[in-house]
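Structure first, then comments.
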2 protein chains.
Amino acid sequence: MSGKREQNKRLTRQAIVDSARMLFIRKGFELTRIEDLARQAGIGKGTVYSYFSSKEQILIEMISEERQQLVARFEQRNDESAPIGEQILTLFLCQFDYILEHREIARLMYRESLFPVKPSIHQRHQVDNSYLNAVVGLVRRGQQRDEINPNGDALSAAIIFYNHYSMAISGWYMGYIESEDMTMNLRHLIEMAINGLHRSTDNTSTSPALKLARLTATPLETP
Amino acid sequence: MSGKREQNKRLTRQAIVDSARMLFIRKGFELTRIEDLARQAGIGKGTVYSYFSSKEQILIEMISEERQQLVARFEQRNDESAPIGEQILTLFLCQFDYILEHREIARLMYRESLFPVKPSIHQRHQVDNSYLNAVVGLVRRGQQRDEINPNGDALSAAIIFYNHYSMAISGWYMGYIESEDMTMNLRHLIEMAINGLHRSTDNTSTSPALKLARLTATPLETP
DNA sequence: TCAAAAACTCGACCGTGGTCAACTTTTTAT
DNA sequence: ATAAAAAGTTGACCACGGTCGAGTTTTTGA
């Protein structure tokens, strides 16, 4: 009987991730005990650790599965004829929907994903990559339409958008950005990224201000 | 004898933070046991928890102290006549020096600081604020000199710069940005933030590409 | 000055993430 | 078919972060 092990291992691994999804979402990450998770998956506690090296790794794999669905959701919602900035916004808002639903889980994901213990060898990278690639795709279309400078590097531009998005999420977790302001702020960030912060040719143009709760700059002291 | 308690409490609190600095830096955060830390500070384990609610909070206070020194270091190094982009770069590089020295500690700081458990009530906010205010100050000077659009909101612009910086640090932790490329990449990010990603008036201008290790966009498929 | 109250200190104790040596199941080789 | 080897499973066990109630010191106020 060859391959029986192989088969079972795949099933067990999936059972762990599925149990994790259920329990993490129901009870939260911290409040889920590995032993309960193992019970739920129908295996012993020790076995969990022959599939994953830590509780956090289980979370990471779970999230990685969820993300794939998000890109799919985006492709449904997206209006391909809209300005490229709006399309990028749509992509980000799909992600933000998920965050709103699963605040704690998503928070842990960002923590681990943006500041990982070691420069990832993981497949997780692949996932992040694939998400970034969605942005790259949009940027390229923007370049074709001349909404984004076609002489610039698409990847760099995509990263710039992604930077702003990630930090907007951070701002939300920090309490600087209210949920209802997220759309507007992201829109402004994208707009400013495209137009730049320099004084534009038509002289009176004024870039939009972000709406930030609890954050005000120190009053201007004239030197 | 009034105020004796007050006095002792300040000393004890400081002793905890100082011991933490010593041990966290020497042995790392995870490998430092609270009990050792307490011993080092000359108090019992339980007492630690009447000053700080968790191990992480000690770290946060410690970092908060360090940061104040960083702003000071910047003011020394900075050349006030340089273009504003360069000055912002200098500010960021001061911070990055610290990160290079204390990789693990700084990593935990960013995690907690950018994705906190709850929208901070903490004083930690103040620290972050004061750092951001340094950027705001530079932006305002840039506006006076017309290097940055004076009609735009200074705080928003500062946040945009700070976004890029934070995410560059993230890229470094993720292994996308090598230490030796950090200066160049930050310079490009700042430049692109100022100039924008749009096609500029002089037609052939090409914005610089970031130098990213291990990250390549999927090859362009012409649709 | 002294006793009651308040504030503070402490380490035994608890719960949980993660380890490991003993045990079970599957595969390999003859 | 069978025994040895390899692979996989398991829960008792360990270490450490954090809690708590008993004990100690300081403050209050009469």
Side-chain angles (χ1 to χ4, degrees), chain A residues 1-21 23-24 26-62 104-105 108-109 111-112 116-118, chain B residues 1-24 26-62 104-105 108-109 111-112 116-118 122:
Chain A
M1 236 180 285
S2 80
K4 176 163 182 184
R5 279 230 149 115
E6 211 57 17
Q7 176 69 358
N8 275 342
K9 282 187 72 173
R10 277 200 314 109
L11 287 177
T12 304
R13 191 183 180 86
Q14 194 57 50
I16 294 173
V17 176
D18 290 343
S19 307
R21 178 176 300 108
L23 293 173
F24 288 173
R26 178 150 47 134
K27 308 172 52 178
F29 179 75
E30 313 277 357
L31 293 180
T32 297
R33 302 207 312 297
I34 290 287
E35 195 161 349
D36 292 350
L37 196 160
R39 195 73 46 90
Q40 175 76 33
I43 57 178
K45 178 180 172 181
T47 310
V48 171
Y49 284 91
S50 68
Y51 286 85
F52 295 92
S53 63
S54 74
K55 198 180 179 185
E56 211 158 60
Q57 285 305 312
I58 304 175
L59 179 73
I60 286 167
E61 179 132 335
M62 174 199 131
E104 263 321 279
I105 304 288
L108 295 172
M109 184 201 80
R111 280 187 136 167
E112 176 58 30
V117 186
K118 50 183 113 179
Chain B
M1 236 179 285
S2 81
K4 175 165 183 183
R5 278 228 147 117
E6 209 59 19
Q7 177 69 0
N8 276 342
K9 281 187 74 174
R10 277 201 315 107
L11 288 177
T12 303
R13 191 181 179 86
Q14 194 58 49
I16 293 174
V17 176
D18 289 343
S19 306
R21 179 176 298 108
M22 201 185 108
L23 293 173
F24 288 173
R26 177 151 45 136
K27 308 172 53 178
F29 180 75
E30 314 277 358
L31 293 181
T32 297
R33 303 208 310 296
I34 291 287
E35 196 162 349
D36 292 350
L37 195 159
R39 195 72 48 89
Q40 176 75 34
I43 58 177
K45 179 180 172 180
T47 309
V48 171
Y49 285 92
S50 68
Y51 287 86
F52 296 92
S53 63
S54 73
K55 196 181 178 185
E56 211 157 60
Q57 285 304 315
I58 304 175
L59 180 73
I60 287 167
E61 178 132 338
M62 174 198 131
E104 264 320 279
I105 303 289
L108 295 172
M109 184 202 82
R111 280 185 135 163
E112 177 58 31
V117 186
K118 52 182 113 178
H122 288 93

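Model, not experiment: these values are computed from the prediction. Chain A is the first sequence line, chain B the second, and so forth, proteins listed ahead of strands; every chain is numbered from 1.
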request  = Return the value, rounded to whole Å, for the distance between atom CG of N8(A) and atom P of dT10(D).
outcome  = 12 Å
message = Output the rounded distance in Å from CD1 (I43(A)) to C1' (dC23(C)).
response = 17 Å
task = Report yes if a side-chain nitrogen or oxygen of Y51(B) is closer than 4.0 Å to either non-bridging phosphate oxygen (OP1 or OP2) of dT9(C); otherwise report no.
result = yes
request  = Take the protein atom CD of E30(A) and the nucleotide atom P of dG17(D), then report the distance between them rounded to whole Å.
outcome  = 15 Å
inquiry  = Measuring from atom CD of E61(B) to atom CZ of F52(B), what distance do you get when rounded to the nearest 0.5 angstrom?
reply    = 4.0 Å
task = Check the distance between dG18(C)'s P and L59(A)'s CG and give it to me in whole angstrom.
result = 12 Å
ask   = Can you find an N or O donor on one side and an acceptor on the other, under 3.5 Å apart, linking the side chain of K45(B) with the base of dG18(D)?
value = yes
ask   = What about K55(B), does its side chain sit under 3.5 Å from the base of dG18(D) through a donor-acceptor pair?
value = no
Rounded distance (nearest 0.5 Å) linking atom CZ of R33(B) with atom CD of Q40(B) = 13.0 Å
ask   = Of the non-hydrogen atoms in E56(A) and E112(A), which two are nearest, and what is the gap between them?
value = OE1-OE1, 3.1 Å
remark   = Taking dT9(D), dT19(D), dC10(C) as options, the one with an atom nearest any side-chain atom of S50(A) is dT9(D)
Toward the 5' end of DNA chain C, by each residue's nearest nucleotide, T32(A) or T47(A) = T32(A)
Electrostatic pair D36(A):R39(A) at N-O distance under 4.0 angstrom = no
task = Please state how far atom CZ in F24(A) lies from atom C1' in dG17(C), giving the value in whole angstrom units.
result = 12 Å
Whole angstrom value for the distance that separates C1' of dT16(C) from CZ of F29(A) = 12 Å
query = Out of dC10(C), dT9(C), dG18(D), which nucleotide sits closest to the side chain of T12(B)?
reply = dT9(C)
task = For Y49(A) and dC14(D), give me the distance from atom OH to atom P, rounded to whole Å.
result = 17 Å
inquiry  = For a quick check of understanding: with a heavy-atom distance under 4.0 Å over all strands, which category does F52(B) fall into, base, sugar-phosphate or nothing?
reply    = nothing
remark   = Nearest heavy-atom approach of A41(A) to A15(A) is CB-O, 3.9 Å
query = How many Å lie between CG on L11(A) and P on dT9(D), as a whole number?
reply = 11 Å
